[in-house]
Amino acid sequence: MQVNTYEFTENLKHETASESADLPFTLAQLKAAIPSDCFEPSTWRSLSYFFLDIGAIAGLYAIAHTVDSWFFWPIFWLAQGTLFWALFVVGHDCGHRSFSRHLWVNDLFGHLAHTPILVPFHGWRISHRTHHKNTGSLENDESWYPISESQYQQMSWLEKFARFQMVPFLYPLYLFKRSPGKKGSHFNPSSPLFRPSEKGQILTSTVCWIAMVGLLAVLTYQWGWLWLLKYYLGPYVVFVVWLDLVTFLHHTDPEIPWYRGDEWTFLKGALSSIDRSYGFIDPIHHNIGTHVAHHIFLSMPHYHLKRATEAIKPILGDYYRHSDESILKAFWKSYRRCYFVPNTGKVVYYQPPNTGN
């Protein structure tokens with residue numbers, strides 16, 4: 001199945017005459033600048049990343065079991081949680097159908113990558129699809145979108161604390177409750193997130209998720225809560241922090257525009273992202289910080305994104321956003337300054353809580 005061609009055709013439908021007038025380039029022009037092989041997934045190459053991550057995870061478990069020292073466990077949690085995050089990125093490619101041209105391969109390895117880290121593959125895949133099709137839209141984006149100042153003023157202190165102070169730990173709550181102001185659960189096939197035709201897929205992923213929770217429960221019953229903490233909860237918390245940190249920084253910055261109503265177009269929204277480097281972690285988590293090209297071409301394999309980015313940068317010019325700030329500095333800046341957007345305006349930017357409209 002020509003998965004990549006289909007994805008590009010769907011994105012091209014969003015490109016309107018008004019968009020071409022607003023931007024000095026088109027989606028088709030950007031695609032033409034990229035070597036054609038960048039759009040071709042290699043199943044074997046994708047599998048190599050999957051098995052590399054699985055092998056590294058298994059190796060770390062063997063080392064931790066052998067050492068079994070409280071001096072080593074925090075190091076293990078940090079390293080293993082980072083590898084959990086890398087495995088999530090492999091499943092992320094499966095969700096975008098960029099792991100393989102074969103849908104059954106994407107679905108199989110998507111579940112193999114995501115189920116062990118308690119991500120319901122199809123539930124996440126579909127909500128993530130909604131995010132990509134509406135990135136930068138104040139009304140329709142799925143995750144990490146801003147609220148208006150009036151909405152902020154109406155929030156209780158608990159809601160503000162959860163949304164703005166608990167940023168690194170929100171992902172598990174999002175799976176069950178979705179983003180504030182939106183209804184639905186990633187586990188419920190009747191959720192407004194999903195089409196009726198997707199019910200079977202949601203049930204499949206939910207059953208896999210429940211089976212993983214059941215396996216952890218059985219192992220905890222056999223070996224105790226301390227086993228669960230050392231071998232799973234520690235790495236899982238680090239994984240959640242990585243997931244929230246990286247996805248937050250993809251779309252949260254005082255200089256990233258957000259669009260209301262008909263001001264939004266697919267390409268302008270896709271450009272409302274920012275590329276960041278995570279230093280030596282970049283090859284470990286499969287260069288997920290190379291995010292602008294990914295949003296323009298959703299089904300491009302992760303291992304082609306850097307080359308594609310270099311190809312389109314001359315065309316994008318100032319529309320290409322890249323930050324050389326350290327990750328901690330960038331996070332602290334956005335954490336402190338990005339709370340809400342003005343109540344009015346077609347193109348708006350984040351404001352801190354101590355400023356007026």
Side-chain angles (χ1 to χ4, degrees), residues 22-23 127-128 130-171 173-174 177-182 241-278 288-289 291-292 294-296 316 318-357:
D22 288 342
L23 298 172
S127 72
H128 193 64
T130 302
H131 160 62
H132 269 273
K133 287 188 174 182
N134 299 281
T135 304
S137 167
L138 283 175
E139 294 86 0
N140 299 315
D141 202 344
E142 172 63 23
S143 55
W144 297 118
Y145 56 86
I147 58 174
S148 67
E149 183 177 6
S150 59
Q151 289 174 312
Y152 175 81
Q153 298 297 344
Q154 294 169 6
M155 293 173 70
S156 68
W157 73 267
L158 184 58
E159 291 173 317
K160 291 178 181 178
F161 178 79
R163 183 180 176 108
F164 301 109
Q165 272 65 58
M166 298 299 293
V167 167
F169 307 101
L170 289 176
Y171 186 70
L173 180 62
Y174 167 69
K177 298 289 291 182
R178 210 174 167 193
S179 298
K182 297 182 183 292
V241 170
W242 265 120
L243 194 157
D244 281 327
L245 172 69
V246 175
T247 54
F248 175 79
L249 289 178
H250 282 162
H251 303 288
T252 311
D253 188 275
E255 297 181 5
I256 290 179
W258 288 82
Y259 302 97
R260 277 196 175 95
D262 58 7
E263 185 67 28
W264 178 89
T265 63
F266 171 80
L267 188 50
K268 286 195 291 186
L271 293 171
S272 289
S273 182
I274 186 167
D275 281 4
R276 301 184 189 274
S277 173
Y278 294 79
I288 191 64
H291 208 63
V292 175
H294 169 62
H295 261 272
I296 301 172
L316 292 178
D318 291 340
Y319 288 92
Y320 171 68
R321 292 183 173 85
H322 175 269
S323 175
D324 293 318
E325 287 182 313
S326 73
I327 294 303
L328 289 179
K329 181 178 179 181
F331 173 75
W332 184 246
K333 177 184 71 175
S334 295
Y335 182 77
R336 297 287 293 175
R337 294 173 57 185
C338 296
Y339 277 69
F340 53 77
V341 295
N343 295 324
T344 59
K346 291 286 189 177
V347 183
V348 293
Y349 297 82
Y350 269 113
Q351 295 182 355
N354 59 340
T355 62
N357 194 8

Output the distance between atom [atom1] ([X]) and atom [atom2] ([Y]), rounded to the nearest 0.5 Å.
{"X": "K268", "Y": "Y259", "atom1": "NZ", "atom2": "OH", "value": "5.5 Å"}
{"X": "L267", "Y": "T135", "atom1": "CG", "atom2": "OG1", "value": "11.5 Å"}
{"X": "Q351", "Y": "Y152", "atom1": "CD", "atom2": "OH", "value": "12.0 Å"}
{"X": "W242", "Y": "T247", "atom1": "CH2", "atom2": "OG1", "value": "12.0 Å"}

So, [X] side chain and [Y] main chain: donor-acceptor pair closer than 3.5 Å or not?
{"X": "E139", "Y": "G261", "answer": "yes"}
{"X": "S334", "Y": "T252", "answer": "yes"}
{"X": "N343", "Y": "S148", "answer": "no"}
{"X": "Y335", "Y": "Q165", "answer": "yes"}
{"X": "R337", "Y": "P254", "answer": "no"}
{"X": "S272", "Y": "W258", "answer": "no"}

Decide salt bridge (Lys or Arg N to Asp or Glu O under 4.0 Å) for R178 and E142; before the verdict, give the C-alpha distance in whole Å, the side-chain angles of both, and the deciding distance to 0.1 Å.
-> CA-CA 9 Å; R178 210 174 167 193; E142 172 63 23; 2.8 Å; yes
Should the heavy atoms of other residues, nucleotides or ligands under 6.0 Å from [atom1] of [X] be counted, would the total exceed 12?
{"X": "E255", "atom1": "CD", "answer": "no"}
{"X": "R260", "atom1": "CZ", "answer": "yes"}
{"X": "L158", "atom1": "CG", "answer": "yes"}
{"X": "K177", "atom1": "NZ", "answer": "no"}

Check: S273/H295 side-chain N/O donor and acceptor closer than 3.5 Å |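 There is no such pair between these side chains.
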Side chains of Y174 and D244: is there a donor and an acceptor less than 3.5 Å apart?
-> no
H251 and H131 aromatic centres sub-6.0 Å = yes
Distance-minimising heavy-atom pair for Y278 and G289 =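 It is CE1-CA, 4.0 Å.
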What heavy-atom pair brings P257 and V347 nearest, and what distance separates the two atoms?
->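 In this case the closest contact between P257 and V347 is CB-CG1, 3.8 Å.
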Decide, yes or no, whether a salt bridge links K333 with E325 under the criterion of side-chain N to carboxylate O below 4.0 Å.
-> yes
List the steps, then state whether side-chain contact (heavy atoms from CB on, under 4.5 Å) holds for K133 with F266.
-> CA-CA 7 Å; K133 287 188 174 182; F266 171 80; 5.7 Å; no
Kindly determine whether L170 and W144 satisfy side-chain contact (heavy atoms from CB on, under 4.5 Å), including the steps that lead there.
-> CA-CA 11 Å; L170 289 176; W144 297 118; 4.2 Å; yes
